[in-house]
Amino acid sequence: MARNRIHPHMFALYVSFASILMMFGALTSAYIVRHAAGDWLEFNLPTYFYFSTAALLLSSIALHYSYRSFIGNNERGYKIFLPIALVLGSIFVVLQYYGWNALFNMGVDLKLNVSGSFLYLITGLHALHILGGLACIIVAIINAFTLPYQPTVKRQVRFRLVLHYWHFVDVLWIYLLAFLLIVK
Amino acid sequence: MAHVHVKPSDPIDILIEEQGLDDHFHDHHDGDKYQSGFIGHYIFSMDHKIIARQFLITGIFWAIIGAGMSIIFRLQLGFPEADLQWIKPLLGKWIISNDGIGQLSPEFYYALVTMHGTILVFFVLTAGLSGTFSNLLIPLQVGARDMASPFLNMLSYWFFFMASCVMFYSLFLSTGPFSGGWTGYPPLSALPQASTGSGTGMTLWLVSLTLFVVSVLLGGINYITTVLNLRTKGMGMFRMPLTIWAFFVTAILGLLSFPVLASGFFMLIFDRGLGTSFFLSEIFIDGQALDRVGGSPILYQHLFWFLGHPEVYIIILPAMGIVSEVLSVHARKPIFGYKAMVYSILGIGFLSFIVWAHHMFMSGVNPFLSNFFVIFTLIIAVPSAIKVFNWITTLYGGNLRFCTAMLFSIGFVSMFISGGLTGIFLGNSAIDIQLHDTYFVVAHFHIVMGIAAFFGMYAGVYHWFPKMFGRFMNETLGKIHFWVTIIGAYAIFWPMHYLGMAGVPRRYYSFDTFDAFKHFGPMNEFITIAAIVVFSAQILMVINFFYSIFKGKRMTTKNPYGANTLEWTTPIDTGHGNWPGKIPAVHRWAYDYGKDGKEYIPQVMPLAEGEVEGDSH
Ligand code: HEM
Ligand SMILES: [Cu+2]
């Protein structure tokens, strides 16, 4: 309907962010409560997690640039930066996996102490959200290379859905990382 | 090209054509592409009206199973000595032989109680109630063609369907379904070896409810977006019927609280399958010490009740919305205190997030913390009382039509008062020391939530049945249904208050070994008999429902009740897109009954010269 300033699908996406935030909010609250109760093992996060953070941030920027190119009639930029975003996002997941491995090799496995259990659960659940986002980016790439280049309103909205979700899980990760660094 | 259709003759239709909003919906036919063929139309439908019926009929299916379970465990409680051999064909090995006398096995008793709670709370009173009426009424009453995302809406139903299949399957496991109570507290839920139902039964319970959470979230996202984004021209927030306000706030509650439950479930899944100790502390099973240390079962309770308390309002708010609407229509009077009603809904919604620990007064939480929760719990009584006052005042001096929908709405108010009052008792942490985990709590929540929400749902079904199926339900059967149910429900739950005050604990298989409780035998018998009578009346309702779908009295006019809301401006056989031409524009609030000498003034009627709009401004 013409009266809408914001597309209903975009709005629905923002509403779903509230849900995801509540889910991670519940986990980090439980973390704080459990942390306060003692018997808590402290350990340092493997450096892999910092590199993965950088990859994710760059991926967000790449996707953003691709979107800008898409609506700015820059077909080349659009088609170059979209796969770059995918690669960087995948690197994030791989680096997270290395991070978990490093933790495991430090002796912090899933069961050793609840602090480790929380870390695996929170980062793992976040990684699942990233995988969902990567799936959407793959669809976007398929569209980019099979459909003729036409930045119609409909395709802009679909792109923006992916883009905003991707920024969201990116910011979510920054929050989680900061949280894990501060409360330990 | 505009869709060609006959010039309307009905004055409302003419108004819609003159003033309505032309969204060119019928110009291109992609709106109808989902409607081709049987599968697209009735099975994987994306039409909100079909999805509403799917939720309703699945809900009815579950209600019969869930209520039937309660009859079986009530037989055990009411007639512990009776021979239950005759249920063996149905329950098989769960009927054990005790000196040749068939008895319900204790394990299965617990499984039945657990499944009864889970099914009724989640599948019937959440999906069956909010799923049905949010779907049916939100687009129709705000003036939208459909939900914001019909596809997600369809997924919402099918996730519920999958959750249903998994839970249904778990009923037939050789170890039985989960049996640790509908709240799924650890350690019974966290250790597969803890009890018979804790193994595969619990795994399936978790899978099913996780699917269910997805269903609620997909539905909720849609409801919220539709209400905020797809209202028709002129439909300001304060012109929305109270039904919509209720569904809207319900969806927000669900969207914010179910993810927290999901987090609790994930931790439970880790504890069960991967050996973590989120919720498990030092524990022995069969004399064996387990290697789990340091976890806290109380943590799970916090996560559960952070959902659990909003959940009870997720159940009751839609019923409240329906009742407000039905009372006003059939009292031929505007709802009293419309704005106060809206603010109470918002207030209840907000407060429901900060009272959860009143379920945990006795779990060893800090008494200082308890005080905080006592205060907020008791404050909820204020918006609740405002609503009750407004319903009664709406009835006062009205031209009451005592149709079945109206009777159930009035019954709702009665039930909500009775059950709300006992909530005030329970909300005091000191009194809760005596009453916690007794039949007093069972009486409280069945009256205020179970029966009241059912009444709201029945009011909705009887009232909107013509909108769903184009026919009316039988009124005589409806009235029998009502009177048996309200009298029977009080007969079941009123005595339970006395049991609870005497300290009789809930969730016990048998009281034979407790001298203090032995003399309650006859009371338990009475309760069981009343339960069987009430159950029979519900079967009558189901028969009436299905009979009326095919054989009920036909709906011959579009607006049989003389109601103001938009759903009664749609054709009797409401097609895809809801209105054949333009979408009606709205000029006033929904409650202009008996104004300026007119019996009712639909929302599509423009304000007369110099007319001041109702309570809405
Ligand atoms: C004036 C408002 C209310 C107050 C002060 C209140 C208070 C309480 C308290 C303190 C308990 C815990 C009792 C215990 O376990 O010892 C309780 C249990 C319960 N209440 Fe309410 N309540 C109110 C209204 C409602 C409403 C409107 C509903 C549902 C629509 C509801 C549903 C329940 C349920 C389901 C339980 C029991 C859950 C369980 O243990 O299985 N209550 N209530
Ligand atoms: Cu509560």
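Protein chains get the first letters and strands the later ones, always in sequence-line order, with residue 1 at the start of each.
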Student check: side-chain heavy atoms of B/Phe151 and B/Leu155 closer than 4.5 Å: yes
Heavy-atom pair of closest approach, residues B/Pro186 and B/Phe279: CG-CB, 3.7 Å
Largest heavy-atom contact set with chain A, pairs under 4.5 Å, which of B/Phe270, B/Phe306, B/Phe278: B/Phe278
Pair B/Asn135, B/Tyr157: side-chain N/O donor-acceptor within cut-off below 3.5 Å: no
Side-chain donor/acceptor of B/Ser134 to backbone N/O of B/Gly131, under 3.5 Å: no
Validation row: A/Phe11, B/Ile224 side chains within 4.5 angstrom (heavy atoms): yes
Verdict with reasoning, A/Trp173 to A/Phe92, per ring-ring contact (aromatic ring centres under 6.0 Å, His included): CA-CA 11 Å; A/Trp173 171 248; A/Phe92 171 82; 5.6 Å; yes
More than 12 heavy atoms from other groups under 6.0 Å of CZ on A/Phe145: yes
Residues 48-74 of chain A: residues contacting chain B (heavy atom under 4.5 Å, by number): none
Side chains of B/Asn578 and B/His48 in contact at under 4.5 Å (non-hydrogen atoms): yes
For chain B, the option from A/Ser19, A/Ser29, A/Ser16 that forms the most heavy-atom pairs under 4.5 Å: A/Ser19
Gap separating the CZ atom of A/Arg34 from the CD1 atom of A/Ile32, nearest 0.5 angstrom: 13.5 Å
Contact check, side chains of B/Leu217 and B/Pro259, non-hydrogen atoms, under 4.5 Å: yes
pair B/Met360-B/His302: side-chain heavy atoms closer than 4.5 Å: yes
Residues from residues 110-131 of chain A approaching chain B under 4.5 Å (heavy atoms): A/Leu110, A/Lys111, A/Val114, A/Ser117, A/Phe118, A/Leu121, A/Leu125
Contact origin within B/Leu255 toward chain A - heavy atom pairs under 4.5 Å: both
Closest non-hydrogen atom pair, B/Asp271 against B/Arg292: O-NH1, 3.1 Å
Proximity breakdown for B/Leu303 and chain A, heavy-atom pairs closer than 4.5 Å: side chain
Among A/Ala30, A/Ala18, A/Gly25, residue most engaged with chain B (heavy-atom pairs, under 4.5 Å): A/Ala30
